[in-house]
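Only one structure is covered here, and it is reproduced in the block below.
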Amino acid sequence: MRKERSIRELYAEDPERADALVLGRRGLLKGVSLAAMGAAVGGSIPFAGNMPSGLVPAALAQAPGIKPLKMDGKAELSVLGDRPLVAETPEHLLDDDVTPTDKFFIRNNGNIPDPPADPDSWELTIDGEVNSPLKLTLGEIKQRFESVTYKMQLECGGNGRSFFTPEARGNQWTNGGVGNPEWTGVRLKDVLQAAGLKPSAVYTGHYAADPHLSGDPARVTLSRGLPIAKALEEHTLLAFAMNGKPLLPVHGYPLRVVAPGYPGSASSKWVKRIWVRDREHDGPGMTATSYRVPITPMIPGGKADPKNFKVLESMPVRSIITNLRNGSELADGTRKIPLRGHAWAGEETVKAVDVTIDYGQTWQSCAVDAPPNKYCWQNWRTEVTLPSAGYFEIWVRATDSEGRMQPPVAGIWNPQGYGGNAMHRVAVLIKA
Ligand SMILES: Nc1nc2c(c(=O)[nH]1)N[C@H]1C(S)=C(S)[C@@H](COP(=O)(O)O)O[C@H]1N2
Ligand SMILES: [Mo]
């Protein structure tokens with residue numbers, strides 16, 4: 001155990017040195033180092049010769065010491081932070097086509113506001129670059145505008161952050177800052193059009209009821225927004241229900257924005273005000289390097305120049321294996337393994353999903369379902385056949401409709417670690 005942890009730490013801190021020690025200088029497992037690696041992962045490694053250098057074996061890549069969430073109405077998610085409360089869903093709990101509410105991840109930047117006694121009297125203000133500012137209660141919103149229901153993925157902008165080297169600051173999400181529930185609400189578009197957008201309207205700015213962690217009522221926890229075209233998109237909702245029930249307090253009860261495909265932070269929970277802006281919104285969470293990515297790549301770990309950053313809009317393509325847990329030990333003699341999971345691609349769709357069992361030497365293409373509606377993640381499935389017993393890693397990668405494919409390691413390093421979409425890797429062991 002000590003040894004495993006030290007190898008993991010070494011990979012995180014100094015992957016080249018870890019390779020030199022574990023794999024030998026040329027990046028190939030051999031002799032003493034092969035035995036050490038085999039002992040660390042629990043078995044022989046049939047495809048050791050293909051193991052890429054600089055990559056911690058998947059079996060050792062799990063962060064130690066993750067605490068399970070204890071909250072009424074929620075499954076045992078992995079707690080990434082207590083204050084504010086942040087919890088991700090381990091990939092194997094994301095197996096459902098439609099994510100049940102108890103398994104949906106939690107990302108707070110401040111405190112959770114007290115739930116209102118009467119949700120229908122919750123007030124939302126629409127002001128700024130509109131012809132007639134509105135103040136509507138949730139009761140009026142439900143009455144006046146058409147309700148729609150869509151299955152849509154919502155993903156935290158920092159999902160995958162833990163795969164950046166060197167470490168990027170923030171919650172160390174693996175792949176579990178995502179879920180695909182069924183949302184019900186009214187179109188934000190309909191409400192904005194009722195207020196009448198002026199030609200100067202280019203962006204929204206969202207304000208919410210969650211108190212700042214400092215306790216200072218004058219401080220805003222988070223205020224992000226959307227380009228007006230995204231705000232006017234059919235699937236951008238003011239949502240009041242998840243999976244047919246009122247939102248849970250932790251997910252924004254009684255009203256939240258849902259802007260699928262964009263970083264989750266634009267989907268303001270407990271929303272009170274939509275300020276229509278004549279410029280890109282500049283509230284807390286919009287500026288410097290927050291939810292922004294470099295325009296031209298920067299040196300990993302280097303100093304960021306905020307002028308070289310732009311707002312992260314579409315989330316990148318990602319896929320997960322959901323029926324097999326990382327580190328699974330399968331029954332002796334197992335050779336065929338059915339695999340399934342989901343794939344999604346921000347504003348795009350997924351056109352292909354492939355898996356490899358030999359560190360990327362050969363890839364096998366998977367069946368991928370079309371989404372029932374835009375922004376619903378897509379289910380994929382296949383079956384792989386292992387050549388023998390031993391330690392294997394199954395990697396999955398998706399390609400979006402624009403031809404962009406997930407990389408083996410997180411690319412486009414940025415200080416706050418957004419948009420890291422390294423392939424999901426699952427280690428399995430079959431004893432000889
Ligand atoms: N008011 C408010 N809205 C918010 C946040 C927040 O801290 N305050 N967090 C955002 C972020 S960063 C994400 S990823 C999503 C997470 O939604 P969830 O907690 O329902 O999963 O909510 C977004 N909406
Ligand atoms: Mo987020």
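Because the structure is a prediction, the values reported are computed rather than measured. Read the numbers this way: they start at 1 and go in the same order the structure lists the ligands and their atoms.
The cationic atom of R277 (NZ for Lys, CZ for Arg) does not lie both less than 6.0 Å from the six-membered ring centre of Y203 and within 45° of the ring axis.
Considering every non-hydrogen atom in both P52 and Y359, the closest pair reads CD-CD2, 3.7 Å. Minimum heavy-atom separation, V130 to L197: CG1-CD2, 4.1 Å. Taking both residues in full, the closest heavy atoms of A304 and T289 are given as CB-CG2, 4.0 Å, listed atom of the first, atom of the second, then distance. Contact record, M298 with P415: SD-CD, 3.8 Å, taken as the closest heavy-atom pair. Nearest approach of G110 to P84, heavy atoms of both residues: O-CB, 3.5 Å. Across every non-hydrogen atom of Y418 and G158, the tightest pair is CD2-N, 4.0 Å.
A salt bridge is absent between K230 and E313; no separation between the charged side-chain nitrogens and carboxylate oxygens falls under 4.0 Å.
Close approach of ligand 1 to F104 is summarised as follows: ligand atoms under 4.0 Å from at least one heavy atom of the residue are 18 (P), 20 (O), 21 (O). Which parts of ligand 1 touch C156 is read off a 4.0 Å heavy-atom cut-off, strictly below it: atoms 14 (S). Each of the atoms 10 (C), 11 (C), 12 (S), 13 (C), 23 (C) of ligand 1 lies under 4.0 Å from some heavy atom of S265. Under a 4.0 Å criterion applied to the non-hydrogen atoms of Y291, ligand 1 contributes the atoms 12 (S). Close contacts of ligand 1 with A208, meaning ligand atoms under 4.0 Å from a residue heavy atom, involve 1 (N).
For atom 8 (N) of ligand 1, the closest heavy atom belonging to the protein is D210 OD2, 2.6 Å. Protein heavy atom nearest atom 19 (O) of ligand 1, with residue, atom name and distance: K269 NZ, 2.5 Å. What sits closest to atom 15 (C) of ligand 1 on the protein, heavy atoms only, is G264 O, 3.6 Å. Protein heavy atom nearest atom 5 (C) of ligand 1, with residue, atom name and distance: L222 CD2, 3.6 Å.
Residue-to-ligand polar distances place N109 within reach of ligand 1: an N/O pair is separated by less than 3.5 Å. Looking at ligand 1, you'll find an N or O of S267 within less than 3.5 Å of one of its N or O atoms. On a distance-only criterion, T221 and ligand 1 share no N/O pair closer than 3.5 Å. Of the polar atoms of F105, at least one N or O is found under 3.5 Å from an N or O of ligand 1, judged by distance alone. Where the criterion is an N or O separation shorter than 3.5 Å, residue side chain and backbone included, H251 meets it with respect to ligand 1.
D210 pairs by the salt bridge (Lys or Arg N to Asp or Glu O under 4.0 Å) definition with nothing, not counting sequence neighbours.
Contacts between A266 and ligand 1 below 4.0 angstrom, taking non-hydrogen atoms only, are absent altogether.
Contact between W173 and ligand 1 is absent, with no heavy atom of the residue lying under 4.0 Å from the ligand. Using a 4.0 Å cutoff on heavy atoms, R256 counts as a contact of ligand 1.
Results of the side chain to side chain donor-acceptor pair (under 3.5 Å) test with R224 over S265, S268, S267 single out S265 as the only residue that passes.
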